[in-house]
Structures are given as C-alpha cells and as structure tokens.
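Taking it in order: structure first as structure tokens, then the write-up.
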Amino acid sequence: MNLSIIGTGYVGLTTGACLAKVGHRVICVDNDQSKISLLKEGKIPIYEPKLEELVVEGMREGRLSFTTEIGEGVKKSEVCFIAVGTPPKETGEPDLSAVENVAREIGENMERYLVIVEKSTVPVKTGRWVKTTIERYNRRNIPFDVASNPEFLREGQAVDDFLYPDRIVIGCDSERAKEILLSVYEPIVNLSPKEKRPAVLITSLESAELIKHASNAFLAMKISFINAVACICELAGVDVKEVATGIGLDKRIGKDFLNAGIGYGGFCFPKDLDAFTKIAEELGYNFQLLKEVKRINDEMRERFVKKVKDLLWNLKDKKIGVLGLAFKPNTDDMRFAPAIDIINRLVKEGAVVKVYDPQAMENAKKVLPPVIYCSSPYEVCAGSESLLILTEWEEFRKLDLKKVKELLRLPIIIDGRNIFAPEEMKKLGFIYRGVGRGY
C-alpha cells in the first residue's frame, strides 16, 4: 500500500521505517530541509536503537523515501499519517497549529480518496477540526475520511514497540477507512506468533484520541504513586523495592512503572499530563488527581537535591559527579529530563558539576547551565566529592565500583535510579543513598 507520513520526529520516522519494513511503500515528509537531507543520506537526527538500520534498509529496497513537499506525499498516497509535533503552550494545552497547517495542505493537494490518520497525540475532538479544515480547503470535493491511530512507543524501544505491539487502536466512523487501516496493520499483526498477536481495538474517533492521553496519564500516576510510597519507606526504614515487588505481583496492578526514583521526564508524560488536565478543565471537570501526580513528580527532584545537601552540607565549590543526563536510557532525548532540574539546583547552590552520558551530551549542552563534560564515568568520578546516578544506563550498572571508590574524593553515591543494592554498597565502604531504600 502507498502511505505518507507527515513529520519525521520520533513517532513519524519510526512509523515510516517500520511500515516500510513490513512491505508498504512509504514517503516521509518534513519541512526541515536539513533533516530531510540527512535522512536521504541514510542518517537519522536522533538516537534510537535499530532505527537507522531500518531507514537504510527501506531506502535500499526502494520502499522508503523522503521529501519536503506535502503535496508529493499526499498525491502518491492512499493513507496519510499526521505525525507532527504538538508542543505545550504556557497554559498546558497543546499547540495544534502544525496539525491545522498540515490538514489545510492535505485539503489543497488531494486528488483521490484518502484516509487521513492522526498519529500525533491530540486532544479529544481534534479529529473533527481536522475534518472541517480539510473540507474547507478541499475545493474539488474529493472524498476522504479522518481516523485516529494513537502511538504507544517508548523511546529506546520504539522499533520493537511498533513491530510487536500489545495493542493497535483504530478510531474511525467509516467502514471503508477501517478496512483500509486494518490492511495497513495486517503485516504487523502477523509478525507475532498467533498466541502473542496484538489486540486490535476499533473505536470511535473520539475514543481513540482519549485513549492515548488517558494511557500516559495513568502511567505517570503509577510512577508518582510508587515515589510517594518511597517517601514513606524512607521514613519507616523500609526498602521500596521489596514493597514494589509485593505490589507488582498482583496481576491487577503489574510490576511495570513501579520503579521509584527521581520521577518521569521526556516529552510525552509531562506534556500529555498537562494536556489531559487542561482537556478535562475545558470539558468541565477538575482533574485534581493529575495535578497531584505532577506535584509529586516535581517534588522528587527537590527531595533528591536535599539528600545531596544532607550528605555534603554546603555545596558551594564542591565537585559533584553526575552519571546520566537523558530522561531515560537508550535515548539522547533531554526534553524535560529530571537531570536538568537537579543540575540547575546544584549549580545555583555553587556546586561544580561534572557530567557524563553515553548519548545525550550534545543535546545536554543546549539546555544545561555551565558544567564540565567528561569522556567517561571514571573521569566524572576523579576528584568528585559525591557521585549522582540520574539515568539508569546499563553501563553504569557494570562500573568497577572499587575503581570508582578510589577515584572519588569521598565515597558517597546518591542513586536516583536505585541501580545498586544498599547492602553491597555498604560492604564496599560507600556512603550510599537511593530513593526509598530505608535508612
């Protein structure tokens, strides 16, 4: 099938490369000429495991191409996915101007029946505005349908999440559009063994739009819940990991997203939580629960910096090492990363901060205050009076801790991701603090 993807960010590029992988002919569109030029060279502007290989493979086999012209993508497609950014405004509501602009250009360029699919995360009822916009600029009255197909991709695992999803949600009010989108996803459904095939849920357009925001809000709530429990664990001298294991064994709850730490970050959770809160307010409901989720998340950064101050007393002129800058491992994404807030607070206190991240340091330079960038974890440790773990990269779990201790000026590790066991750290002679580990 001939498909176009408008927008080549994390979602759009992953969607395009994966759909090309399963046999569709895909044109990816973006108005950023430098990005498109880079992609045409087989290089990608983000770090996402497996994605660059898929892009190169798709181009080599002639199933994946790139352009800056929306008209070209629309005219050659049977299905057009809108995957442009919806950044937050100061009010918390998403900026949908890019979605509107794309809808207008689609209306102006359609030449035959087309299914237009919302892939961007948008507020409920956006699809109706997309339809209205296309109708207004569709002066030849070409037939079309609008659908919603929310993504559930995790940065760092996006390719596998797309190719082997747990569910596929299609929201539409047209039988014709439904059948076409089922055909688009049939190769994805058939990739997995029969017993592990994804659930395919057909809903109304509005329900699909709401599912995405509600899903991310629930996961953010789960993270804030276990972090609130971690605060109680510290007061009670209890290990939150044991508590989380006991909670997670309940199949109604599950173990995922019960890892206490310095809170969630990234683009999706903060943005979608604010957007969902705003959507609820506009519909007449005060979603106080989500406001508390956000407050708890923000508080975890304050509590973490307090741990540093409690162990080092004054921070002025103290050298503090930081391992991990990206909001999660296996990505170079610094958007809303907890490290930004924590490092800003340390620098404001007068600390000299040394940092290392396997992938995110170039992006970090755009958003962090003056810090010292190091080439390895051990360079970070050398001469530092404490070591902070802010992202749970696998290589940090494998550090030579005896070497770390020798390099540190003081044997203090404050672990915001609970990657080490307190008892083992104590045996090695470290002063160790995690989150909710019981002191």
Side-chain angles (χ1 to χ4, degrees), residues 10-11 85-96 99 118-127 148 150-155 166-167 169 171 201 203-232 240 243-244 247-248 250 252-304 327-328 333 335-342 416 435-436:
Y10 278 95
V11 174
T86 55
K89 298 179 181 179
E90 290 185 5
T91 58
E93 62 185 318
D95 182 348
L96 300 176
V99 176
E118 296 173 335
K119 201 70 178 172
S120 303
T121 300
V122 295
V124 62
K125 298 185 178 181
T126 298
S148 176
E151 54 83 17
F152 303 102
L153 308 179
R154 296 167 293 174
E155 288 185 35
D166 52 11
R167 83 274 206 199
V169 177
L201 177 63
T203 72
S204 69
L205 181 60
E206 286 82 2
S207 290
E209 291 171 329
L210 203 54
I211 284 168
K212 172 61 177 180
H213 272 124
S215 295
N216 277 358
F218 184 85
L219 293 176
M221 180 182 68
K222 202 171 178 184
I223 293 169
S224 284
F225 174 80
I226 198 61
N227 279 333
V229 171
C231 296
I232 297 171
V240 71
V243 175
I247 296 170
D250 187 326
R252 298 169 301 175
I253 299 173
K255 64 180 181 179
D256 293 337
F257 292 86
L258 288 180
N259 298 311
I262 49 177
Y264 58 78
F267 195 55
C268 290
F269 282 7
K271 173 179 74 74
D272 291 353
L273 196 76
D274 286 347
F276 199 28
T277 304
K278 189 68 176 179
I279 290 165
E281 287 179 357
E282 291 178 351
L283 291 171
Y285 180 72
N286 181 9
F287 214 145
Q288 192 64 38
L289 175 61
L290 296 189
K291 295 175 183 178
E292 186 64 12
V293 167
K294 181 179 181 180
R295 187 198 66 77
I296 292 170
N297 194 65
D298 293 343
E299 184 185 51
M300 295 310 294
R301 288 85 183 272
E302 296 176 22
R303 294 177 67 89
F304 186 80
F327 85 94
K328 64 180 290 188
D333 197 344
R335 292 177 295 180
F336 298 102
I340 297 173
D341 191 24
I342 290 169
V435 178

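Residues meeting the side-chain hydrogen bond (donor to acceptor under 3.5 Å, both in side chains) test with Thr203, sequence neighbours left out: none. With sequence neighbours left out, the side-chain hydrogen bond (donor to acceptor under 3.5 Å, both in side chains) criterion links Asp166 to no other residue. When the side-chain hydrogen bond (donor to acceptor under 3.5 Å, both in side chains) test is applied to Glu282, no partner is found at least two apart in sequence or on another chain.
Going from atom CD1 of Ile279 over to atom OH of Tyr285 covers 14.5 Å, rounded to the nearest 0.5 Å. Here CG of Asp274 is found 9.5 Å from NE2 of His213. Values are rounded to the nearest 0.5 Å. In this structure, CZ on Arg252 lies 12.0 Å from CD1 on Ile247, to the nearest 0.5 angstrom. Here the CG atom belonging to Leu283 is positioned 8.5 Å from the CG atom belonging to Leu210, to the nearest 0.5 angstrom. How far CE of Met300 is from CD1 of Ile342: 9.5 Å, rounded to the nearest 0.5 Å. Between the CG atom of Asp298 and the CG atom of Asp341 there is a distance of 7.5 Å, given to the nearest 0.5 Å.
Between Glu299 and Lys294 there is no salt bridge, since no side-chain N of the basic residue sits under 4.0 Å from a carboxylate O of the acidic one.
Of all heavy-atom pairs between Leu258 and Ile226, the closest is O-CG1, 3.6 Å. In terms of heavy atoms, Gly127 sits closest to Leu205 at CA-CD2, 3.8 Å.
Side-chain contact between Pro88 and Pro94 is absent, with no heavy-atom pair separated by less than 4.5 Å. Looking at Ser148 and Val122, their side chains never come closer than 4.5 Å, going by heavy atoms from C-beta outward. Counting heavy atoms from C-beta on, the side chains of Tyr10 and Glu155 come closer than 4.5 Å.
Within the structure, salt bridge (Lys or Arg N to Asp or Glu O under 4.0 Å) contacts touching residues 203-213 (residues at least two apart or in different chains) are Arg128-Glu206, Glu151-Lys212.
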Check the pair Asn286, Lys291 against side-chain contact (heavy atoms from CB on, under 4.5 Å), reporting the backbone distance first and the verdict last.
CA-CA 9 Å; Asn286 181 9; Lys291 295 175 183 178; 2.9 Å; yes
Side chains of residues 260-273: which donor-acceptor partners sit under 3.5 Å, not counting sequence neighbours?
from   : atom 1 : to     : atom 2 : distance (Å)
Lys271 : NZ     : Thr86  : OG1    : 3.3
Asp272 : OD2    : Asn216 : ND2    : 2.6

Would you list the atom pairs, donor with acceptor, under 3.5 Å between side chains in residues 218-225 and any protein atom, with sequence neighbours excluded?
from   : atom 1 : to     : atom 2 : distance (Å)
Lys222 : NZ     : Ile253 : O      : 2.8
Lys222 : NZ     : Gly254 : O      : 3.4
Lys222 : NZ     : Asp256 : O      : 2.9
Ser224 : OG     : Val293 : O      : 2.8

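Centroid-to-centroid, the aromatic rings of Phe327 and Phe336 stay 6.0 Å apart or farther.
Side-chain atoms of Ser215 come within 3.5 Å of backbone atoms of Ile211 as a donor-acceptor pair (strictly under, hydrogens ignored).
Shown here is Lys255, whose NZ atom has no more than 12 heavy atoms of other residues, nucleotides or ligands within 6.0 Å.
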